[in-house]
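Naming: A, B, ... by sequence-line order, numbering from 1 per chain.
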Amino acid sequence: MHDIRFIRENPQSFDASLARRGLEPLSARLLKLDEERRTLATELQQSLAKRNEASKAIGQAMAQKDMERAEALKAEVAALKESLPALEEKEKQAGAALDAALAAIPNLPGDDVPEGADESANVEVSRWGTPRDFAFTPQDHADFGPALGLDFEAAAAISGARFAALRGGVARLHRALAQFMLDRQTGENGYEEVNPPLLVRDAALYGTGQLPKFAEDLFQTTDGRWLIPTAEVSLTNLVREQIVAEDSLPLRFTALTPCFRSEAGSAGRDTRGFIRQHQFEKVELVAICRPEDSEAEHQRMVKCAEGILEALALPYRKVLLCTGDMGFGARKTYDLEVWLPSQQTYREISSVSNCGDFQARRMNARYRPEGEKATRFLHTLNGSGLAVGRTLVAVLENCQNEDGSVDIPAALHPYMGGITRLEPR
RNA sequence: GGAGAGGUGGCAGAGUGGUCGAAUGCGCCGCACUCGAAAUGCGGUUUACGGGCAACCGUAACGUGGGUUCGAAUCCCACCCUCUCCGCCA
């Protein structure tokens with residue numbers, strides 16, 4: 001959500017930032033809506049002031065038992081009744097129109113975000129690790145996975161496409177990855193573990209920006225709730241409608257949850273394998289902090305995600321997303337992309353975004369700075385630390401052997417109950 | 001699912017349809033008294049929006065949204081949430 005006052009005062013820089021996102025200038029239209037709203041509001045308030053004054057006089061007249069005067073005043077106020085409801089309605093609509101327009105505009109990119117239309121303009125920041133030199137042709141996990149317990153067929157029969165059942169060693173490995181990540185984020189990295197709601201209301205999704213624009217990407221329940229597409233929704237909304245104590249900042253939350261996505265816009269993409277599912281697990285990281293701390297917090301969060309990949313010895317690269325590739329609520333985003341030998345390319349496994357005060361405005365999440373009377377909006381950040389399903393794919397493919405077995409990374413051994421290698425069955 | 005109670009300022013807690021943004025207490029801030037503190041006394045202490053250079057003025061908010069009325073914290077309706085009891089249940 002954008003601040004209309006900021007737009008009022010800086011229309012040209014607002015439009016310039018939108019242009020970097022490839023959007024048409026909008027400030028003129030927004031300011032016109034704002035102008036209409038304020039004119040109507042002032043008009044309405046003046047009418048109400050008149051009515052209040054008269055009503056007060058009626059009360060006084062009646063207290064003095066001057067019924068004649070009271071009746072005369074009543075007749076006078078009755079005239080206002082003609083115009084008031086219509087004016088009220090117009091004012092409300094003008095406010096709603098402005099809010100709707102503002103709610104549909106994505107966050108403005110940070111100054112240090114490269115400009116570009118799509119992912120081809122993303123900037124590689126760094127690489128870690130060296131893709132393994134295979135003595136054989138590495139296989140796609142969708143091909144050798146089933147022998148290890150990755151069952152797409154049974155899941156398809158139960159639930160349809162884009163579902164999988166994990167069985168045996170692969171299920172254990174998946175669980176080990178999730179536990180390892182969660183332990184690491186809660187332990188070394190200091191995030192508070194949360195087990196949050198998976199079904200949420202409209203307002204929560206509006207707060208983080210999935211609604212009103214992206215309803216088609218979500219699953220909805222018959223009672224009107226929604227399945228979370230990411231724990232970012234639940235974790236970030238933990239501070240909605242709150243004035244958080246400054247000395248409790250930054251708040252750092254992590255959660256291991258299933259995520260549900262309709263994948264409406266990605267028909268035909270990644271149809272094979274475990275890369276893109278309607279349901280997957282993710283360890284999410286969310287931070288809530290003061291505006292002046294969010295850039296440093298962003299860097300820290302990326303490091304927390306990178307640490308998982310490094311501990312698992314998975315080669316990856318860090319990419320700074322360009323303006324055209326960022327999500328709706330983000331002002332700056334780093335993606336971590338893990339090396340997949342079967343595809344001979346890096347694939348997204350984590351996305352870490354600084355949303356500035358964009359979500360905080362939509363949630364009305366604030367704090368009161370020391371010594372200040374007014375409240376300020378918090379900054380919110382979120383990132384994957386990591387997507388468990390995709391990490392499983394990365395481990396399977398990077399650690400595969402020619403016979404179809406997979407060596408478990410050492411960091412996971414404590415979680416595997418003595419298993420160090422998955423064997424095809 | 002059934003029956004009932006309730007949602008008021010930072011907290012506790014009053015509130016008869018009319019001068020109620022809201023008594024009172026606590027807390028908090030300032031001042032006085034004091035060597036200092038406590039106690040005491042006095043004053044102040046919500047938020048959002050609009051207008052104004054400003055002092056300040058106006059509007060709105062008593063869970064949320066509607067309605068009745070010249071006027072609603074107060075009356076009516078719907079919804080949300082909390083609590084108690086019963087039933088069911090992992």
Could you pull out the closest heavy-atom pair between A:S262 and A:E216, with the gap in Å?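 That would be OG-O, 2.6 Å.
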By the 4.0 Å heavy-atom rule, please label [X] as base, sugar-phosphate, or nothing.
X	result
A:R225	nothing
A:L48	sugar-phosphate
A:K50	nothing
A:A49	sugar-phosphate

By nearest heavy atom, map A:R8 and A:G59 onto RNA chain B; which one lands nearer the 5' end?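 The 5'-side residue here is A:G59.
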Residue met sooner reading RNA chain B from 5', once A:L84 and A:R366 are mapped to nucleotides: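 This one resolves to A:R366.
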Tell me which nucleotide, if any, is Watson-Crick or G-U wobble paired with [N] when both distances must be under 3.5 Å.
N	result
B:A90	none
B:G18	B:C70
B:U47	B:A60
B:C53	none
B:G6	B:C81
B:A32	B:U40

Nearest-angstrom distance from the residue atom [atom1] of [X] to [atom2] of [N]:
X	N	atom1	atom2	value
A:Q46	B:U59	CD	P	10 Å
A:R240	B:C81	CZ	C1'	14 Å
A:L98	B:C49	CG	C1'	13 Å
A:L73	B:C70	CG	P	13 Å

Hey, does the side chain of [X] reach the backbone of [Y] with a donor-acceptor pair shorter than 3.5 angstrom?
X	Y	value
A:R331	A:D357	no
A:R368	A:T375	no
A:N382	A:E284	no
A:D223	A:R225	yes

Check the side chains of A:T380 and A:Q359 for a donor-acceptor pair under 3.5 angstrom, ignoring hydrogens and angles.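 Indeed, the side chains of A:Q359 and A:T380 share at least one donor-acceptor pair under 3.5 Å.
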From B:G18, B:U59, B:U47, nucleotide with atom closest to A:R368 side chain: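 In terms of side-chain proximity for A:R368, the closest of B:G18, B:U59, B:U47 is B:U47.
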Ignoring the backbone of A:I58, work out which of B:C70, B:U47, B:C49 is nearest its side chain.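 When the side chain of A:I58 is considered, B:C70 is the closest of B:C70, B:U47, B:C49.
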When you measure from the side-chain N and O atoms of [X] to the phosphate of [N], is any distance below 4.0 Å, counting only OP1 and OP2?
X	N	value
A:R38	B:C49	no
A:N52	B:C70	no
A:R51	B:U69	no
A:R201	B:U64	no
A:K92	B:A60	no

